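Values reported hereafter were calculated over all heavy atoms of this structure, with side chains retained and with hydrogens, waters and symmetry mates removed. Counting starts at 1 for both ligands and their atoms, following the listed order. Fair warning: this is a prediction, and the values are worked out from it, not measured in the lab.
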Amino acid sequence: MTESAPNAVTELPRLLPPPDAPGGRRSHDWYAHANRHGRLPYRDQQGVLIRDIEVAGLTGRGGAAFPVHRKLQAVSDAARQRRRAPVVIANGAESEPASDKDATLLWLSPHLVLDGLQLAAEAVGADTAIVYTHASRARDVGSRLNEALQARQAAGVDRVAVTLAEAPARFLSGQETAMVSHLSGGPAIPAFVPPRITERGLNGAPTLVQNVETLAHLALIARRGPRWFRSVGTQAEPGSMLTTVRRADGKPRITEVPLGIPLRELTGDLAPDAAVLLGGFHGTWLTGAQARILTLDNRSLATAQSRVGAGIVITLPAGRCGLVETARVVRYLALESAGQCGPCLNGLPRMAAALAEIAGGRARPQTLADVERWAGLVTGRGACHHPDGTARFVRSALRTFAAELDFHKRGRCSAASTEPFLPVPQATARTEEDWI
Ligand SMILES: Cc1cc2nc3c(=O)[nH]c(=O)nc-3n(C[C@H](O)[C@H](O)[C@H](O)COP(=O)(O)O)c2cc1C
Ligand code: SF4
């Protein structure tokens, strides 16, 4: 088996109810959940689970694929050194507009996330647990979680009390320091690091933030062990992940797949000159020719300067212009920045304006070179990764839509439809209150 060849597939889905399960209407029912997955396997000792998570090779599913055991260990160590009980937070903000996997998971499998939260709390010795969800999703995830928490209370399952909190519907509100700021009563905008929140986070306590999907995997590893987790995925990137797949109709389809599967299994057949957006608005555009040969894991995708991110896979329908779509997204990203660092204050609005010129066929001779220069200048210079993610997205568009760029230089566009395709929200922050 090569490093990125997927292991033999065993039972999937793991996180969501099987497709033939009745509509998820009673997903808050604790006993139905315990029947399927078993009781909550507390270890009755801090730190014991961390070793299993390390052997499993679980990485964060919120976008950065950071090894989970390292964060658990860092919080556990900080708590011991500072004699301060930590806080654990399940991040279900899903502030990326193109993603729907976290809301779907919370809706269909709330207990798996809550199990993971309890087990992570035990692993690091936390006495406070919070679930942070998106305020304005179509489904009422907050009510579903409340029902699940009531069921757990009646069954006497939880050892640490859980509170629910809502994230403002802003792109940055899922960033971990923005979340800590919001939960402290401030605006949901990122803070400067250091200190890392693993050392000093919410109310000064060591704080563990994990994506809700990460916690659901953790809950299953605690029950079934690292070998079971590694029975799908690749050697280097084990396990499965939830993906949000959008094809021509634009509708999100949530599917759980092993890491390392061919991308074409998610996109379907692609023409070489088609375009696929991987990883959402901080992600990368790929050509159809690239997507046909790459697999869904960071080793494979790195060869195309791409990465898995939070598992968003969007195929741009034929007849849409990738430059027009990119310009719309970058305008949104520039307006969503908290505007407190130079790259966001100066670089992102300029890139957005230049891309609007390019998309509209009005670019001046130096516009393209300006965009490339600004993308370089903003990278690595912000308090958070918002400028880096935006620059990555822009650069990938310039690579992927090179032929279309030539067309636009001549004042033309190959789009048959100018109807917006990517799900860019309309509203943007105008006042301080919008961030709270
Ligand atoms: C601009 C920005 C937005 C983010 N939004 C989210 C989000 O909505 N949900 C999420 O889980 N992580 C988000 N993250 C990543 C979090 O900061 C954090 O790394 C993550 O929740 C950690 O969980 P994980 O290690 O389990 O992935 C965002 C990061 C950035 C830079
Ligand atoms: S880099 Fe941009 S989004 Fe991030 S904190 Fe600074 S101004 Fe805000």
Side-chain angles (χ1 to χ4, degrees), residues 53 58-72 74-75 88-103 105-106 113 116-117 120 130-135 137 166-182 187-193 196-198 201 207-218 239 241-242 244 279-283 307-312 332-349 351 377-393 429 435:
I53 299 302
L58 175 64
T59 54
R61 300 299 197 242
F66 189 80
V68 176
H69 74 276
R70 282 177 47 197
K71 223 156 40 168
L72 291 167
V75 172
V88 292
I89 306 175
N91 190 352
E94 200 160 42
S95 51
E96 159 67 60
S99 179
D100 201 37
K101 57 115 182 159
D102 289 340
L105 175 67
L106 287 167
V113 177
L117 191 62
I130 300 168
V131 185
Y132 183 71
T133 57
H134 196 293
R137 294 269 162 185
E166 278 193 347
R170 307 248 65 91
F171 190 79
L172 294 176
S173 60
Q175 197 275 350
E176 59 189 20
T177 60
M179 173 195 314
V180 165
S181 166
H182 177 65
I189 57 178
F192 292 83
V193 175
R196 290 187 184 283
I197 59 162
T198 48
T207 300
L208 177 77
V209 175
Q210 300 287 178
N211 173 259
V212 287
E213 183 191 341
T214 312
L215 290 170
H217 286 292
L218 182 146
M241 76 180 297
L242 294 176
T244 308
F281 297 173
H282 273 181
R307 54 193 200 177
V308 176
I312 296 157
Y332 163 74
L333 293 174
L335 287 167
E336 283 292 299
S337 99
Q340 57 182 355
C341 311
C344 281
L345 212 50
N346 304 314
L348 266 47
M351 282 164 66
L377 284 174
V378 301
T379 299
R381 298 260 173 87
C384 78
H385 293 304
H386 185 50
D388 310 25
T390 307
R392 180 168 51 237
F393 176 69
W435 299 94

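Contact annotation: for S95 versus ligand 1, heavy atoms closer than 4.0 Å belong to both the backbone and the side chain. Residue contacts with ligand 1, taken as heavy atom pairs separated by less than 4.0 Å, involve E94 solely via the backbone atoms N, CA, C and O.
Between G339 and L345, the closest heavy-atom pair is O-CD1, 3.2 Å. In this structure, L72 and L218 approach most closely via the heavy-atom pair CD1-CD1, 4.3 Å. Heavy-atom minimum distance, G174 versus N91: O-ND2, 2.8 Å. Contact between A391 and T379 at its shortest, heavy atoms only, is CB-OG1, 3.5 Å.
Polar contact with ligand 1: present for T214 (N/O pair, distance under 3.5 Å).
Nearest protein heavy-atom contact of atom 13 (C) of ligand 1 is G174 O, 3.3 Å. Annotation: atom 1 (C) of ligand 1 to nearest protein heavy atom, L172 CD2, 3.6 Å. Distance from atom 27 (O) of ligand 1 to its nearest protein heavy atom, with residue and atom name: G62 N, 2.7 Å. For atom 18 (C) of ligand 1, the closest heavy atom belonging to the protein is E176 OE1, 3.5 Å. Closest protein heavy atom to atom 23 (O) of ligand 1: N211 N, 3.0 Å. Among protein heavy atoms, the minimum distance from atom 2 (C) of ligand 1 is reached at Q175 CB, 3.7 Å. Atom 25 (O) of ligand 1 has as its closest protein heavy atom K71 NZ, 3.1 Å. For atom 12 (N) of ligand 1, the closest non-hydrogen atom of the protein is N91 ND2, 3.3 Å.
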Take D102 and E213 through the side-chain contact (heavy atoms from CB on, under 4.5 Å) test and state the conclusion after the steps. CA-CA 7 Å; D102 289 340; E213 183 191 341; 4.2 Å; yes
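With respect to N211, the side-chain hydrogen bond (donor to acceptor under 3.5 Å, both in side chains) criterion is satisfied by exactly one of K101, E176, H217: K101.
Residue contact check: R61 has heavy atoms under 4.0 Å from atoms 26 (O), 27 (O) of ligand 1. Proximity to F171 (heavy-atom distance under 4.0 Å) selects the following atoms of ligand 1: 3 (C). Atoms of ligand 1 found under 4.0 Å from any heavy atom of G60 (numbered from 1 in listed order, with element): 24 (P), 25 (O), 26 (O), 27 (O). Those atoms of ligand 1 that come under 4.0 Å of a heavy atom in V209, given as number and element, are 21 (O), 22 (C), 23 (O).
Put simply, the side chain of T177 does not reach to within 4.5 Å of the side chain of C384, judged on heavy atoms.
Only protein atoms were considered; those of element N, O or S under 2.8 Å from atom 2 (Fe) of ligand 2 number 1.
The backbone N or O of V209 lies less than 3.5 Å from a partner atom in the side chain of K71, making a donor-acceptor pair. Although no hydrogens or angles enter the test, the distance criterion places no donor-acceptor pair under 3.5 Å between the side chain of E96 and the main chain of S99. Between the side chain of S173 and the backbone N or O of P168, at least one donor-acceptor pair lies under 3.5 Å.
Ring geometry, F171 versus H386: the interplanar angle falls from 30° to 60°, so the pair is classed tilted.
Atoms CZ and OG, from R170 and S95 in turn, are 10.5 Å apart once rounded to the nearest 0.5 Å.
The side-chain contact (heavy atoms from CB on, under 4.5 Å) check on H385 picks up D388, with sequence neighbours excluded.
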